[in-house]
Amino acid sequence: MCGTCGCDEVTAAGTSETVTVEKDVLAKNDRIAEENRAWLASRSVFAVNLMSAPGSGKTTLLEATVRALADDVFVGAVEGDQAGSLDADRLRAVGCRVVQINTGSGCHLDAGMLARALRELDPQRGSLVVVENVGNLVCPALFDLGERRRVVLASTTEGEDKPLKYPHMFRTADLVVLTKADLVPHLTFDVDHFARHLSRVNRSAELLVTSVVSGEGLDQWFSWLRSELGVPSREVSEPAEPAELEAPSVSS
């Protein structure tokens, strides 16, 4: 159920009232998303919207990412959960600055939530900000947050068919990260089948096969992030002076 996008409402299919509400909600969200995007760009902050089903390994991958990039760049996170702060606590334990958002009955983050979180996070110039969205393969795909890249995680334990069952989520992805590859020998999962299913819905998305347990594919993931950040190596460069800019506003 979701109290913000209306996916919990049972209405007659195609009613004009429902369509109007959905358009209004998304239009407002898109306006705030563009404000977020402009503000992030003004600080040269690279923002990633990390989306997946619950249990795909978003937080585990983020823990490894913070450890690997700590010498290269400041990493901040916006943690989206319906309740609690378990994942945020894990990230703080490895030195990541985190802002927690609890959505209650909501099943996704929206641009207004991110605008408020960015005010609190206040990332320095040249930072990496990772938004760990609420675990859900449906609603988060509809809401632009103002991120520069969308990354969708899928684990081998979820099955090969997820791109076909949730095409909109995978269609919006810039990068798809297949996690828990170390479990493949113990499953009936076929990586090639998954890749073909992904290609049917999104031919342009790159696919990385990873395992935090074995380390498979992690170097490619870190290299992708460094490339997007413009950080060619692990050498630490002199930080630029942070710009004096106002935090993104939340449009009414």
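Side-chain polar atoms of Thr59 and Glu132 form a donor-acceptor pair below 3.5 angstrom. Side-chain contact annotation: Gln220 with Ser223, donor-acceptor N/O pair under 3.5 Å absent. Under 3.5 Å, the side chains of Arg196 and His193 contain a donor-acceptor pair of N or O atoms. In this structure, a donor-acceptor pair under 3.5 Å is absent between the side chains of Ser85 and Asp87. A donor atom on one side chain and an acceptor atom on the other are not found under 3.5 Å apart for Ser155 and Lys180. Ser56 and Glu158 share a side-chain donor-acceptor pair at under 3.5 Å. A side-chain donor-acceptor contact under 3.5 Å links Asp182 and Ser211.
Between Leu218 and Leu61 the shortest heavy-atom distance is CD2-CD1, 3.8 Å.
A donor-acceptor contact shorter than 3.5 Å links the side chain of Thr210 to the backbone of Leu178. The main-chain N or O of Phe143 is never found under 3.5 Å from a side-chain atom of Asp110 such that the two would form a donor-acceptor pair. Proximity of a side-chain donor or acceptor of Arg200 to a complementary backbone N or O of Ala195 within less than 3.5 Å is not detected. With Gln82 contributing its side chain and Gly106 its backbone, the two residues share a donor-acceptor pair below 3.5 Å. Between the side chain of Asp81 and the main chain of Ile101, no donor-acceptor pair closer than 3.5 Å is present. In terms of modelled atom types and a separation under 3.5 Å, the side chain of Asn102 and the main chain of Gly104 share no donor-acceptor contact. At distances below 3.5 Å, not a single donor-acceptor pair connects side-chain atoms of Ser127 with backbone N or O atoms of Pro123.
Ring pair Trp221/Trp224 is parallel by interplanar angle, where below 30° counts as parallel and above 60° as perpendicular.
Residue Asp30 holds its CG atom at 12.5 Å from NZ of Lys28, rounded to the nearest 0.5 Å. Taken from CZ in Arg97 to CZ in Phe74, the straight-line distance is 5.5 Å, to the nearest 0.5 Å.
The residues Arg150 and Glu147 are annotated as salt-bridged, a charged nitrogen and a carboxylate oxygen being separated by less than 4.0 angstrom. Taking 4.0 Å as the cut-off between side-chain N and carboxylate O, Arg31 and Asp144 do not count as a salt-bridged pair.
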Apply side chain to side chain donor-acceptor pair (under 3.5 Å) to the pair Arg90 and Thr60, showing each step before the final yes or no. CA-CA 9 Å; Arg90 287 172 57 185; Thr60 301; 3.1 Å; yes

List the steps and the verdict of side-chain contact (heavy atoms from CB on, under 4.5 Å) for Arg149 and Asn49. CA-CA 6 Å; Arg149 294 286 183 264; Asn49 186 359; over 6 Å; no

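No side-chain heavy atom of Thr179 sits less than 4.5 Å from a side-chain heavy atom of Val212.
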